[in-house]
Amino acid sequence: AFSFIIRVVGDRSHTPTPTTPTAFESEWVVIEGTGWGGLKGICGGGTAIGVNRGSTVPFVTTYDFTFRFGKDCKANN
């Protein structure tokens, strides 16, 4: 387990109902030093982008994450 911060921005401008986003962008950042167990020493993060492609495939999401451990983390150099 570890702690992270997520920032999500949703775009509802092209939807018939304003509570359903058609697209989102998010950034994920692991808080260094919060990992424990098998994830002790984890750092890193990345982005996720989702786009509504219509009713047959509601969302297509692309992820790009990079996680590092131990000496590869800035706090552990």
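Heavy-atom basis, side chains included; hydrogens, waters and symmetry copies ignored. Owing to the predicted nature of the structure, the values given are computational and were not obtained by experimental measurement.
Here the closest heavy-atom approach between residue W28 and residue A48 is recorded as NE1-CB, 4.1 Å. Contact record, E32 with C43: CG-CB, 3.4 Å, taken as the closest heavy-atom pair.
Between F24 and the choices I49, V51, T61, the side-chain contact (heavy atoms from CB on, under 4.5 Å) rule is met once, by T61.
Other members of a hydrophobic cluster containing V9 are absent, since no ILVMFWY side chain comes under 4.5 Å of it, directly or through relayed contacts. V29 belongs to no hydrophobic cluster, as no Ile, Leu, Val, Met, Phe, Trp or Tyr side chain comes under 4.5 Å of its own.
Cluster membership check: I6 shares its hydrophobic cluster with F65, using side-chain heavy-atom separations under 4.5 Å among Ile, Leu, Val, Met, Phe, Trp and Tyr.
Taking OG from S3 and CD1 from I42, the interatomic distance works out to 11.0 Å, rounded to the nearest 0.5 Å. Note that OH of Y63 and OG1 of T47 are 11.0 Å apart. Values are rounded to the nearest 0.5 Å. The CD1 atom of I31 sits 9.0 Å away from atom CZ of F4, with the distance rounded to the nearest 0.5 Å.
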